[in-house]
Undergrad: 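One structure coming up, written as structure tokens, with questions to follow.
Values in this document were obtained by computation on a predicted structure and should not be read as measured data.
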Amino acid sequence: MALTLKKNSDSLKKSKVVEEKPAKPKRKKFLSGSRFVFFIGDEGTILLHIKSNVVLSRQFVPDASEQNLEELRTSLNKDVKAPISFAIDSMDQSYTQQTLPPVSAMSVKKLIARRLERDFAPNDIKGAILLGREDAGRKDWNFLMVSVERSRQISMWLDFVLALPNRFSGIYLVSVESEIIIKNLEQALGIPKTGTGAKWKYFISHNKVGGFRQVILRNGRIIFTRMSQPIGESTPEVIAGNIEQEMQNTIEYMKRLSFDAQAGLDVYIIAAAAVKPLIDRAKFALNTFNVFTPYEVAQYLGIVGATQPTDQFGDVILAASIATSPVHVLTLTTPESKKFDNLYNIYRLQRAISLVIIVAVIGYAGGVASDIYIKFMDSEDLAHTKRVHQKNLSDLREEIKQSNLDVEKVGDLMDQYQLLLKQTVLPFSFFSKAQSIIKLPIVVKAIDWAVDDKTAAGNALLPPKTTVVFTLQFPGVNDPETFKVISKKVLEDLKASFKGFDVSFGKLPAKYTETENLNLTFDNTATPPPVNNDIPDVLLTFKEL
């Protein structure tokens with residue numbers, strides 16, 4: 001019998017959708033942000049623009065001709081930052097269930113990759129779904145190998161999308177992602193996740209760009225799928241008859257997959273409102289029988305703007321459900337798209353690094369600007385000081401001019417005075433520095449300051465020899481070892497501070513009170529500790545080198 005392909009009058013040609021208020025049961029988790037999704041079938045392609053759970057626009061084109069591509073390019077240019085994904089529902093798909101021996105989890109992935117390369121053409125878009133392990137026996141691994149023929153039409157869509165500035169986020173298969181769609185529908189219907197429902201589930205959707213997509217799940221995982229196209233006219237009665245015939249054929253085939261009617265079967269159908277009441281449930285032994293219009297599915301899933309009450313096909317709501325889901329069963333890629341995705345990840349990493357660098361540069365620039373401002377203010381102060389000094393200098397010159405002083409002689413006199421200051425050891429500054437080191441519990445009993453002018457005789461540039469003697473006592477120190485530690489530390493600190501002197505310790509009689517040149521008294525409000533007469537006084541001598 002010849003297959004007749006019919007196009008329905010339900011046009012999706014670049015139409016804006018009116019948002020409806022969703023029904024009270026709905027999904028609560030959606031992918032955030034905006035994105036585009038291409039729903040690609042054998043009879044055309046639908047482009048959806050989605051933000052969160054709202055479909056902003058939908059646009060149908062029959063093929064990837066240049067005119068249609070230019071029309072879609074205009075729509076895509078409105079949001080170049082939105083990623084693009086494919087939801088494919090074509091005829092040329094292959095599903096093969098395989099088993100592998102009970103190797104490790106890492107090894108099984110490598111074996112599956114080898115099987116995919118061996119069993120499918122290099123140009124195919126392929127992947128695998130790990131279904132789990134057997135409960136008994138050797139506990140072999142079960143997985144489903146999936147392959148999509150890279151037809152000329154799909155290649156054209158890939159070339160078109162990869163040339164756009166938008167990121168390409170991956171390829172999804174409607175049949176595979178139906179696992180999540182059914183779970184979300186059951187959640188919206190209030191069906192518990194576990195412990196209820198039939199072991200087998202049958203999902204069928206009448207789509208515009210493909211036909212009747214049928215998916216069989218066992219224990220929630222896909223084990224079989226097929227695509228068929230309507231036969232005969234496109235009236236509601238004929239469409240309902242086609243769906244019933246497809247269900248009978250598929251259920252008969254399921255028996256080869258160990259299907260037993262006693263295990264139960266839940267059915268979910270998406271069809272037009274005119275077709276919904278015409279499907280006869282009485283022809284099938286079912287646990288539950290659910291027929292939804294595309295508009296009702298959108299309401300249950302909480303996706304706004306995806307459909308109108310008069311829509312007849314499930315394409316848009318299936319594409320929107322896949323695009324808004326934060327998780328997926330299988331994401332397929334091509335060698336080209338994988339390279340672009342790697343470049344995108346590198347670009348994101350570079351942007352993150354650049355952001356850190358920019359923040360650091362801004363911080364550094366702020367610090368430099370602050371330093372420049374401070375330097376500017378300092379330069380203003382210096383300029384003001386310079387003007388004051390110049391005025392003082394001018395006044396001084398004027399005063400000198402009026403007083404008839406010999407400036408050169410005065411200058412020589414000041415130079416000699418400065419030289420004298422450099423060559424002279426001033427007692428006050430000397431004692432101040434020494435006092436910062438010689439502290440309690442050390443007690444200064446006497447200081448002897450001596451200057452020998454004869455050592456500099458005949459040479460005015462040599463400073464006079466200065467000898468300073470401190471008589472110290474260490475009250476409270478009762479043993480020689482402690483005395484050695486304290487005296488050694490004081491001696492090291494004094495040598496480090498008085499570079500121009502020879503600093504050393506010597507011994508004197510127990511009492512030494514005589515001073516020759518300068519008698520200084522240091523007053524301290526704290527009561528000094530009692531003097532330990534068992535430890536002799538120590539003579540600390542400073543001799544200028």
Undergrad: Report the C-alpha separation of R58 and D311 in whole Å, then their side-chain angles, then the decisive distance to 0.1 Å, and conclude whether the salt bridge (charged side-chain N to carboxylate O under 4.0 Å, His left out) test is met.
TA: CA-CA 13 Å; R58 54 186 190 175; D311 285 352; 2.8 Å; yes
Undergrad: Run L144 and T96 through side chain to side chain contact (heavy atoms under 4.5 Å, CB included) and show every step you take.
TA: CA-CA 6 Å; L144 187 67; T96 306; 5.7 Å; no
Undergrad: Can you tell me how far CG of D119 sits from CD of Q98, rounded to the nearest 0.5 angstrom?
TA: 6.0 Å
Undergrad: How many angstroms lie between atom CG of L130 and atom CZ of R221, to the nearest 0.5 angstrom?
TA: 8.0 Å
Undergrad: List the steps, then state whether side chain to side chain contact (heavy atoms under 4.5 Å, CB included) holds for I84 with L76.
TA: CA-CA 9 Å; I84 299 174; L76 293 165; 4.0 Å; yes
Undergrad: Taking atom CZ of R114 as the centre, report whether more than 12 heavy atoms of other residues, nucleotides or ligands fall under 6.0 Å from it.
TA: no
Undergrad: Using a 6.0 Å cut-off, check whether atom NZ of K276 has over 12 heavy atoms from anything other than its own residue.
TA: yes
Undergrad: For D315, is there an ion pair with K208 - N to carboxylate O distance below 4.0 angstrom?
TA: no
Undergrad: Quick one, L189 and Y268 - any side-chain contact, counting heavy atoms below 4.5 Å?
TA: yes
Undergrad: Does some side-chain heavy atom of V174 sit less than 4.5 Å from a side-chain heavy atom of I88?
TA: no
Undergrad: Parallel, tilted or perpendicular: which fits the ring planes of W157 and F38, with parallel below 30° and perpendicular above 60°?
TA: tilted
Undergrad: Are any of the side-chain heavy atoms of I216 and T225 separated by less than 4.5 Å?
TA: no
Undergrad: Going by atom types alone, do Q93 and E149 pair a side-chain donor with an acceptor below 3.5 Å?
TA: no
Undergrad: Is the shortest heavy-atom distance from the side chain of I269 to the side chain of F292 under 4.5 Å?
TA: no
Undergrad: May I have the step-by-step check of side chain to side chain contact (heavy atoms under 4.5 Å, CB included) for K126 and L332, ending in yes or no?
TA: CA-CA 7 Å; K126 49 188 174 289; L332 299 175; 5.8 Å; no
Undergrad: Do S34 and H49 come within less than 4.5 Å of each other through their side chains, counting heavy atoms only?
TA: yes
Undergrad: State, yes or no, whether a side-chain contact exists between V37 and F86 at a heavy-atom distance under 4.5 Å.
TA: no
Undergrad: When rounded to the nearest 0.5 angstrom, what distance separates OG1 in T250 from CD1 in I204?
TA: 7.0 Å
Undergrad: Considering only heavy atoms from C-beta outward, does the side chain of L100 approach that of D140 to under 4.5 Å?
TA: no
Undergrad: Between E492 and K489, is there a salt bridge with N-O shorter than 4.0 Å?
TA: no
Undergrad: So, taking the atom named CG in D79 and the one named CZ in F36, what distance separates them when rounded to the nearest 0.5 Å?
TA: 5.0 Å
Undergrad: For the pair S104 and S107, evaluate side-chain hydrogen bond (donor to acceptor under 3.5 Å, both in side chains) and give the outcome as yes or no after the intermediate values.
TA: CA-CA 5 Å; S104 65; S107 298; 2.9 Å; yes
Undergrad: Inspect the contact between E336 and R150 and indicate whether a charged nitrogen and a carboxylate oxygen are less than 4.0 angstrom apart.
TA: yes
Undergrad: Could you tell me if the side chain of W200 sits less than 4.5 Å from the side chain of S258, heavy atoms only?
TA: yes
Undergrad: Looking at S205 and N207, would you say the former's side chain and the latter's main chain have a donor-acceptor pair under 3.5 Å?
TA: no
Undergrad: Between the side chains of Q214 and Y202, does any donor sit under 3.5 Å from an acceptor?
TA: yes
Undergrad: Before giving the answer on side-chain hydrogen bond (donor to acceptor under 3.5 Å, both in side chains), spell out for N249 and Q245 the whole-Å C-alpha distance, their side-chain angles and the decisive distance to 0.1 Å.
TA: CA-CA 6 Å; N249 295 339; Q245 185 62 50; 3.1 Å; yes
Undergrad: Can you classify the ring geometry of F284 versus F289 as parallel (below 30°), tilted (30 to 60°) or perpendicular (above 60°)?
TA: parallel
Undergrad: Run the numbers on T45 and V209 for side chain to side chain contact (heavy atoms under 4.5 Å, CB included), then give the verdict.
TA: CA-CA 7 Å; T45 297; V209 299; 6.0 Å; no
